[in-house]
> 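Before I ask anything, here is the structure I am working with.
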There are 2 protein chains.
Amino acid sequence: MATTAPTETDLGLLLSRAAHGLHHELTAGLTSLGISPRAHCVLSKAIGQELTQSQLAGLCALDKTTMVVTMDELEKAGLAERRLSSTDRRARIVAVTEAGEEMVARGQEIVARIYDEVLGPLPDGERAAFVDALTRIVEGRLAEPTPCERPVRRPRM
Amino acid sequence: MATTAPTETDLGLLLSRAAHGLHHELTAGLTSLGISPRAHCVLSKAIGQELTQSQLAGLCALDKTTMVVTMDELEKAGLAERRLSSTDRRARIVAVTEAGEEMVARGQEIVARIYDEVLGPLPDGERAAFVDALTRIVEGRLAEPTPCERPVRRPRM
DNA sequence: TATTGTTATACTCTATAACTATA
DNA sequence: TATAGTTATAGAGTATAACAATA
């Protein structure tokens with residue numbers, strides 16, 4: 001009957017399931033607004049700022065070509081605009097429209113509720129500690145990725 | 001100068017970056033053994049067990065067709081075999097070969113080292129709490145995904 | 001020469017659908 | 001009728017490459 005040792009905690013699987021599960025919830029929750037989690041993320045980080053597409057891509061961990069696609073969507077939906085930078089004529093500043101600000105506001109409500117539900121299993125006192133720990137992990141060893149022959153693609157957002 | 005409120009913690013982005021970052025490290029670390037994180041995960045969970053492909057797929061959060069592909073790889077590499085179940089003639093039991101056991105042992109060393117490095121930014125006392133919290137989150141609200149018209153694909157593994 | 005943004009396209013990879021065999 | 005596994009293929013979506021404009 002001696003089955004082998006109960007597989008030790010699989011951090012990779014845990015994080016993968018958590019990220020995918022949350023992404024799923026965000027996708028489901030935001031469909032009522034007709035916006036993707038990625039578009040919402042870009043929009044919410046651009047609001048009230050004067051960021052170029054590449055700066056925004058960096059903040060959202062997106063490839064620059066993926067940012068182009070995202071901006072195309074946002075512009076077509078009238079939620080954001082590309083404006084010429086006054087200091088660098090190559091760059092485009094991402095400006096959020098009024099409709100975009102409205103969208104972010106409504107999106108944030110949904111997103112905040114989902115975050116709250118997802119963190120629900122943790123006692124109040126532990127939530128901040130968890131998010132803080134996760135932040136430190138992301139900014140730690142993972143911030144300087146090991147070079148890898150076969151590039152590892154970003155997950156869907 | 002009043003830039004808008006510093007975007008509140010973006011749990012989605014954090015988890016996405018953590019999962020992707022770790023996946024990247026695992027991929028880079030395991031290339032020396034010629035095995036993918038997914039194959040290692042399947043192998044490590046099958047070892048010493050008598051699990052069918054679909055049971056294993058459930059444990060590893062894989063689609064059954066993805067499991068077929070993975071098993072094809074593992075079998076071709078001589079790391080695992082499909083055996084007929086003695087109780088259900090439809091099912092295939094995943095058996096890990098000796099070479100497979102050796103591979104898991106070597107892989108676990110690498111994976112354990114990477115986990116240790118990734119959790120490095122956390123003080124010793126917090127690591128277990130973090131993993132525990134993450135586990136509860138995954139087993140909480142995220143365990144019963146909200147129905148969603150547009151199915152959200154699993155991330156790459 | 002390096003960088004921003006764009007376009008077009010190639011590639012990776014998961015999921016769907018259809019099917020067989022068995023329960 | 002439902003499930004395990006397989007095959008083939010569609011489909012989604014990110015990354016690569018090449019290019020134009022500018023720094």
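All chains are named by letter (A, B, ...) in the order of the sequence lines, taking the proteins before the strands, and each is independently numbered beginning at 1.
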> How does protein reach along nucleotides 16-23 of chain D, written 5' to 3' as B (base within reach of a heavy atom under 4.0 Å), S (only sugar-phosphate), or - (no contact)?
BB---BBS
> Between His24(B) (side chain) and Ala19(B) (backbone), is there a donor-acceptor pair under 3.5 Å?
no
> What pair of heavy atoms forms the shortest contact from Val96(A) to Gly100(A), and how long is it?
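That would be CG1-C, 3.6 Å.
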> Please state how far atom CG in Leu51(B) lies from atom C1' in dG5(D), giving the value in whole angstrom units.
16 Å
> Could you check which of dT14(D), dA4(D), dT7(D) has an atom nearest any side-chain atom of Arg153(A)?
dT14(D)
> So what does Thr52(A) touch, heavy atoms closer than 4.0 Å: a base, only the sugar-phosphate, or nothing?
sugar-phosphate
> Could you say whether Val152(A) or Val68(B) is positioned toward the 5' end of DNA chain D, judged by the nucleotide with the nearest heavy atom to each?
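Per heavy-atom nearest nucleotide, the more 5' residue is Val68(B).
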> For Leu33(B) versus Met103(B), what's the shortest heavy-atom pair and its separation?
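Looks like O-CE, 3.3 Å.
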> Could you state the NE2-P distance from His20(A) to dA12(D), rounded to the nearest angstrom?
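Distance check: His20(A) NE2 to dA12(D) P gives 16 Å.
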> Start with the C-alpha distance between Gln108(B) and Ser44(B), add both sets of side-chain angles, then the distance that settles side chain to side chain contact (heavy atoms under 4.5 Å, CB included), and finish with yes or no.
CA-CA 8 Å; Gln108(B) 291 292 27; Ser44(B) 69; 3.7 Å; yes
> Could you give me the CA-CA distance, side-chain angles and deciding distance for Arg127(B) and Asp116(B), then say whether salt bridge (Lys or Arg N to Asp or Glu O under 4.0 Å) is met?
CA-CA 9 Å; Arg127(B) 299 190 190 185; Asp116(B) 209 57; 3.4 Å; yes
> Walk me through whether Arg113(B) and Glu117(B) qualify under salt bridge (Lys or Arg N to Asp or Glu O under 4.0 Å).
CA-CA 6 Å; Arg113(B) 177 177 52 72; Glu117(B) 288 173 7; 3.3 Å; yes
> Go through DNA chain C in 5' to 3' direction and return only the first and the last nucleotide with some atom under 4.0 Å of chain A's heavy atoms.
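In short, chain A contacts DNA chain C from dA2(C) to dT14(C).
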> Can we say Arg136(B) and Glu126(A) salt-bridge, meaning some charged N sits less than 4.0 Å from an Asp/Glu carboxylate O?
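Yes, Arg136(B) and Glu126(A) are salt-bridged.
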> dT7(D) P sits how many Å from Met71(B) CE, rounded?
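Between P of dT7(D) and CE of Met71(B): 12 Å.
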